[in-house]
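Right, one structure below, let's go through it.
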Amino acid sequence: LDCRPSKHTMVNTFTLTRAGDRSPDTMQGIDEGAFMIHEQHVISLEAAPTLGAAFHERVLRTPAAIAYRDHYRGQWREHTWQQTQDAVARWQRALQQEQLQAGDRVAILCANSWDWVVCDQALQGLGLVTVPLYTNDRAANIEWILRDSGARLLVVQQPEHWATLMKIREFIAAMQRVVTLEPIADAPDNTLYIDDWLEEKPAHYQLMDVDPEALATIVYTSGTTGQP
């Protein structure tokens with residue numbers, strides 16, 4: 001997988017490849033010098049067999065390089081790989097305090113952003129399963145996905161998303177934990193604002209011994225012909 005940069009994406013991304021894979025299609029148009037530079041940034045599946053391992057290996061290799069750029073409240077922000085891992089570690093500590101076990105599902109109702117990446121990488125390092133939700137989906141579909149996946153924790157980004165969830169308030173209030181990235185008024189008792197959920201002090205990144213064949217994410221279709 002060779003990920004290319006877009007408006008909201010990793011810009012110095014890790015590349016997963018089979019060791020020794022230099023097919024003619026891959027090599028066409030690449031001179032030897034360029035390939036040598038590329039080789040320095042290749043993370044093989046043998047070296048990092050899981051998404052969490054690939055992320056951690058990239059941090060070890062290029063901690064000061066820019067990992068992500070995003071547009072936040074009218075300004076562009078840059079985050080290095082080390083800064084990203086530091087944030088991931090704080091998320092992991094909070095997730096572990098929720099007594100989640102490897103294989104448990106965590107749903108994310110959040111637009112494409114650095115926060116989304118941080119949450120996802122925290123889950124992958126702990127062997128948890130990411131369940132992404134469409135930000136403009138109907139409340140009934142969101143409830144169906146949360147029930148079907150068995151999600152124990154839900155991350156919500158914006159008040160607009162919360163307005164949709166209030167149509168299924170009783171179900172949301174019965175979940176183990178809901179974490180909001182922005183302050184929300186009149187939230188159920190199981191809901192915490194991110195600044196209250198995360199501890200300020202630094203944490204250590206956790207990379208669990210996860211089976212490479214274990215489930216990493218559940219992606220539901222748009223459900224245009226029925227339930228997702």
Side-chain angles (χ1 to χ4, degrees), residues 50-52 55 87-199 203 206-208 210-228:
T50 65
L51 294 173
F55 170 72
V88 167
R90 293 174 61 218
W91 273 74
Q92 288 183 324
R93 179 174 56 201
L95 288 164
Q96 289 178 315
Q97 290 175 350
E98 297 291 346
Q99 304 301 312
L100 298 175
Q101 303 297 319
D104 284 344
R105 286 80 189 273
V106 174
I108 308 177
L109 182 59
C110 179
N112 189 17
S113 63
W114 185 64
D115 293 313
W116 203 108
V117 173
V118 168
C119 178
D120 184 46
Q121 289 299 334
L123 300 177
Q124 296 305 315
L126 295 176
L128 299 169
V129 178
T130 304
V131 183
L133 299 169
Y134 290 95
T135 56
N136 60 349
D137 207 349
R138 296 183 296 113
N141 276 348
I142 292 174
E143 180 178 356
W144 192 93
I145 291 173
L146 293 173
R147 287 185 184 276
D148 185 70
S149 66
R152 296 180 58 185
L153 188 146
L154 171 64
V155 178
V156 183
Q157 183 181 35
Q158 299 174 354
E160 291 84 354
H161 302 151
W162 191 255
T164 299
L165 294 177
M166 285 302 89
K167 299 175 183 178
I168 54 171
R169 182 186 178 94
E170 184 175 343
F171 175 81
I172 296 300
M175 296 188 68
Q176 175 176 325
R177 174 69 67 206
V178 179
V179 178
T180 65
L181 302 186
E182 296 184 13
I184 300 294
D186 191 29
D189 292 340
N190 65 338
T191 304
L192 285 176
Y193 176 46
I194 187 71
D195 286 355
D196 299 322
W197 188 61
L198 293 179
E199 296 181 25
Q206 302 290 318
L207 180 59
M208 300 301 185
V210 178
D211 182 352
E213 299 300 323
L215 184 65
T217 185
I218 304 174
V219 180
Y220 289 81
T221 67
S222 59
T224 54
T225 57
Q227 292 288 1

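If you're wondering where the values come from, they're calculated on a predicted model, not measured in any experiment.
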For residues [X] and [Y], report the shortest heavy-atom separation together with the two atoms involved.
X: Gly127; Y: Val210; answer: CA-CG2, 3.7 Å
X: Asn190; Y: Ala174; answer: ND2-N, 4.4 Å
X: Ser149; Y: Ile218; answer: CB-CD1, 4.4 Å
X: Gln121; Y: Gly52; answer: OE1-CA, 4.4 Å
X: Pro132; Y: Val219; answer: CG-CG2, 4.2 Å
X: Trp162; Y: Pro188; answer: CZ2-CD, 3.2 Å

Are there over 12 heavy-atom neighbours, none belonging to Asp189, within less than 6.0 Å of that residue's CG?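 No, because the 6.0 Å sphere around CG of Asp189 holds 12 heavy atoms or fewer from other groups.
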Measure the spacing between [atom1] of [X] and [atom2] of [Y] and express it to the nearest 0.5 Å.
X: Leu192; Y: Ile184; atom1: CG; atom2: CD1; result: 12.5 Å
X: Arg93; Y: Glu98; atom1: CZ; atom2: CD; result: 13.0 Å
X: Met175; Y: Arg147; atom1: CE; atom2: CZ; result: 10.5 Å
X: Cys119; Y: Ile194; atom1: SG; atom2: CD1; result: 8.0 Å
X: Leu128; Y: Met208; atom1: CG; atom2: CE; result: 8.5 Å
X: Leu198; Y: Gln92; atom1: CG; atom2: CD; result: 11.5 Å

Taking side chain as C-beta onward, heavy atoms only, is [X] less than 4.5 Å from [Y]?
X: Ile142; Y: Thr164; result: yes
X: Leu109; Y: Leu165; result: yes
X: Ile172; Y: Leu146; result: yes
X: Leu133; Y: Leu154; result: yes
X: Gln124; Y: Thr50; result: no
X: Leu215; Y: Arg105; result: yes
X: Phe55; Y: Val88; result: yes

For [Y], does its backbone N or O pair with a side-chain atom of [X] as donor and acceptor, under 3.5 Å?
X: Asp104; Y: Gln101; result: yes
X: Thr180; Y: Pro183; result: no
X: Thr130; Y: Thr217; result: no
X: Gln157; Y: Ala111; result: yes

Would you tell me whether Tyr220 and Asp148 have side-chain atoms, one donor and one acceptor, within less than 3.5 Å of each other?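 Yes, because at least one side-chain N or O of Tyr220 sits under 3.5 Å from a partner of the opposite role on Asp148.
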Scan side-chain atoms only and decide if Glu199 and Gln97 contain a donor-acceptor pair under the 3.5 Å cut-off.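 Yes, side-chain donor-acceptor contact under 3.5 Å.
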Considering only residues two or more places apart or on different chains, which pairs with a residue in residues 178-198 satisfy ring pair (Phe, Tyr, Trp, His ring centres under 6.0 Å)?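 Listed by first then second residue: Trp91-Trp197.
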